[in-house]
Asker: 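Structure in structure tokens, see below.
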Amino acid sequence: MPELPEVERVRRRLAPAMAKARFERVRLNRADLRRPFPTGFARRLRGQTVTALTRRCKYLLGHLSSGDTLVMHLGMSGSFRVEPTADARARRDPDAALEYRHDHVVFEMSSGQTVTFNDPRRFGVMDLVRAERAGAERQRPSALHQLGPEPLSKAFDAISLAERLAGRRVPLKVALLDQRVVAGLGNIYASEALHLARLSPQRRASTLTTASGGPRPGVVRLAAAIKSVLTRAIRLKSTDDYSSSGRFRVYDRESDRCPTPGCKGTIRRVWQAGRSTFYCPDCQR
DNA sequence: ATTGAGACCTGTCGGC
DNA sequence: TGCCGACAGGTCTCAA
């Protein structure tokens with residue numbers, strides 16, 4: 001479901017229920033999501049306090065008093081519900097309603113709130129990683145450790161983006177979906193950012209850099225567009241899902257008139273790396 | 001090392 | 001109405 005802006009909004013919604021609160025009860029309704037839950041998942045969480053709830057890329061990170069980190073990823077269809085524990089318990093067993101059928105993880109927090117993870121497609125992930133020992137991450141680098149820069153941080157700019165695009169022969173859109181290039185873009189905001197920067201999604205990534213890997217003008221626009229698109233999405237959204245937000249420039253707008261001022265183009269849809277890309281062939285070069 | 005294709009799942013929507 | 005295929009916001013693994 002979510003790209004960086006949606007995950008960030010989920011984080012802000014969960015923080016009041018989870019941050020500074022203790023896990024009083026943890027219930028798993030099945031043994032796995034995309035991967036099995038780590039052994040002792042519930043036991044290791046119980047009694048721990050969440051010192052802070054942060055986000056890295058599309059991952060939510062619950063930092064625990066034990067030093068361990070609760071890692072949560074929403075995959076395509078994951079979502080969290082927050083409700084008073086009394087309400088959650090009252091509804092428990094009798095209600096096998098469709099709405100709750102995919103409730104896989106239930107956290108009862110000392111804040112009096114229950115946080116429930118629901119994920120129909122089960123592409124989500126929950127993991128509990130132990131406090132890092134020196135060098136541990138080099139021995140077994142996980143996806144988390146290979147992530148590129150946070151696009152809204154100062155570390156992300158035209159220079160760093162150019163460095164990571166240099167020499168890559170894949171189409172620009174495909175490169176933007178690679179979380180090692182920039183951490184948190186997904187299929188929607190990759191298309192959105194490219195449209196705002198007026199860059200063709202089909203252009204080779206390496207054409208945005210000079211022979212030595214430096215930035216060309218396009219990459220300056222692209223870095224700025226990525227920041228702009230994500231910042232606006234975080235700010236504008238009234239809920240965590242797309243339906244109510246609706247206002248995309250090109251995504252899911254095939255055949256619409258291009259929104260670029262002065263452009264008479266029509267939005268097209270093409271396939272790249274198995275995903276649909278939306279763009280305007282007239283103003284995106 | 002990089003890249004593309006397929007796999008993992010369920011739900012929904014449009015067409016017949 | 002019901003069935004069927006296409007498609008969905010994300011990774012991950014495997015083979016070329």
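We name chains A, B, ... by the order of the sequence lines, and we start the count at 1 in each one. Fair warning: this is a prediction, and the values are worked out from it, not measured in the lab.
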Asker: Sequence neighbours excluded, which residues qualify as salt bridge (Lys or Arg N to Asp or Glu O under 4.0 Å) partners of Arg169(A)?
Answerer: none
Asker: dC9(B) phosphate, OP1 or OP2: any side-chain N/O from His102(A) under 4.0 angstrom?
Answerer: no
Asker: Output all residues satisfying side-chain hydrogen bond (donor to acceptor under 3.5 Å, both in side chains) with Ser153(A), sequence neighbours left out; order by chain, then residue number.
Answerer: none
Asker: Find out whether Thr51(A) and Leu64(A) are in side-chain contact, i.e. whether some heavy atom of one side chain is under 4.5 Å from a heavy atom of the other.
Answerer: no
Asker: Gln179(A) side chain N/O closer than 4.0 Å to the phosphate oxygens (OP1, OP2) of dT11(C)?
Answerer: yes
Asker: I'd like a table of atom pairs between the protein and nucleotides 3-7 of chain B - only N or O on both sides, under 3.5 Å - with the distance next to each one.
Answerer:
residue	atom	partner	partner atom	Å
dT3(B)	OP1	Arg169(A)	N	2.9
dT3(B)	OP1	Val170(A)	N	3.4
dT3(B)	OP2	Arg168(A)	NE	3.1
dT3(B)	OP2	Arg168(A)	NH2	2.9

Asker: Can you list every stem that DNA chain B is part of, counting only runs of 3 or more consecutive Watson-Crick or G-U wobble pairs with both distances under 3.5 Å?
Answerer: B:2-8 with C:10-16, B:10-16 with C:2-8
Asker: Please determine, for the side chain of Arg275(A), which listed nucleotide (dG10(C), dA8(C), dG11(B)) has the closest atom?
Answerer: dG10(C)
Asker: Is there a side-chain polar atom (N or O) of Arg122(A) under 4.0 Å from OP1 or OP2 of dT10(B)?
Answerer: yes
Asker: Strictly by ring pair (Phe, Tyr, Trp, His ring centres under 6.0 Å), give each pair with a member in residues 256-285 of chain A just once, sequence neighbours left out.
Answerer: Tyr251(A)-Phe278(A)
Asker: Counting distance alone, no hydrogens or angles: does the base of dA8(C) have a donor or acceptor under 3.5 Å from a partner atom on the side chain of Arg121(A)?
Answerer: yes
Asker: Pairs of donor and acceptor atoms involving the side chains of residues 256-270 of chain A, under 3.5 Å and at least two apart or interchain, shall be tabulated with distances.
Answerer:
residue	atom	partner	partner atom	Å
Asp256(A)	OD2	Arg253(A)	NH1	3.0
Thr260(A)	OG1	His195(A)	NE2	3.3

Asker: Quick one: which of dC8(B), dC7(C), dT10(B) gets closest to the side chain of Phe123(A)?
Answerer: dC8(B)
Asker: Does Arg269(A) make a side-chain N or O approach to OP1 or OP2 of dA8(C) shorter than 4.0 Å?
Answerer: yes
Asker: Restricting to pairs with a member in residues 2-26 of chain A, which pass ring pair (Phe, Tyr, Trp, His ring centres under 6.0 Å), not counting sequence neighbours?
Answerer: Phe23(A)-Phe107(A)
Asker: Which pairs count as ring pair (Phe, Tyr, Trp, His ring centres under 6.0 Å) when at least one residue sits in residues 42-73 of chain A, sequence neighbours excluded?
Answerer: Tyr59(A)-His73(A)
Asker: Please measure how far the P atom in dT12(B) lies from the corresponding atom in dT11(C), and state the result in whole Å.
Answerer: 23 Å
Asker: Does Arg22(A) have any salt bridge (Lys or Arg N to Asp or Glu O under 4.0 Å) partners at least two apart in sequence or in another chain, and if so, which?
Answerer: Glu24(A)
Asker: Give the table of side-chain donor-acceptor pairs shorter than 3.5 Å for residues 214-221 of chain A, with sequence neighbours excluded, one pair per line with atom names and distance.
Answerer:
residue	atom	partner	partner atom	Å
Arg216(A)	NH1	Thr209(A)	O	3.2
Arg221(A)	NE	Ala197(A)	O	2.8
Arg221(A)	NH2	Ala197(A)	O	3.1

Asker: With rounding to the closest Å, how many angstrom separate the P atoms on dC7(C) and dA5(B)?
Answerer: 15 Å
Asker: Can you tell me how far P of dT10(B) sits from CD of Glu99(A), to the nearest Å?
Answerer: 19 Å
Asker: Which side-chain N or O atoms in residues 173-183 of chain A pair as donor and acceptor under 3.5 Å with protein atoms at least two apart or in another chain?
Answerer:
residue	atom	partner	partner atom	Å
Lys173(A)	NZ	Asn187(A)	OD1	2.8
Lys173(A)	NZ	Thr277(A)	OG1	2.7
Asp178(A)	OD1	Arg180(A)	N	2.9
Asp178(A)	OD1	Arg180(A)	NE	3.1
Asp178(A)	OD2	Arg168(A)	NH1	2.9
Asp178(A)	OD2	Arg180(A)	NE	3.4
Asp178(A)	OD2	Arg180(A)	NH2	2.8
Gln179(A)	OE1	Gly184(A)	N	2.8
Gln179(A)	NE2	Leu177(A)	O	3.0
Gln179(A)	NE2	Leu185(A)	O	2.9

Asker: Go through the side-chain N and O atoms of Gln48(A) and Ser66(A) and say whether any donor and acceptor fall under 3.5 Å apart.
Answerer: yes
Asker: Could you please name the option among dT10(B), dA8(C), dG10(C) that lies closest to any side-chain atom of Trp271(A)?
Answerer: dA8(C)
Asker: All N/O contacts under 3.5 Å from nucleotides 14-16 of chain C to the protein, with atom names and distances to one decimal?
Answerer:
none

Asker: Are a donor atom and an acceptor atom from the side chains of Asp119(A) and Ser77(A) found within less than 3.5 Å of each other?
Answerer: yes
Asker: Ser77(A) side chain N/O closer than 4.0 Å to the phosphate oxygens (OP1, OP2) of dG11(B)?
Answerer: no
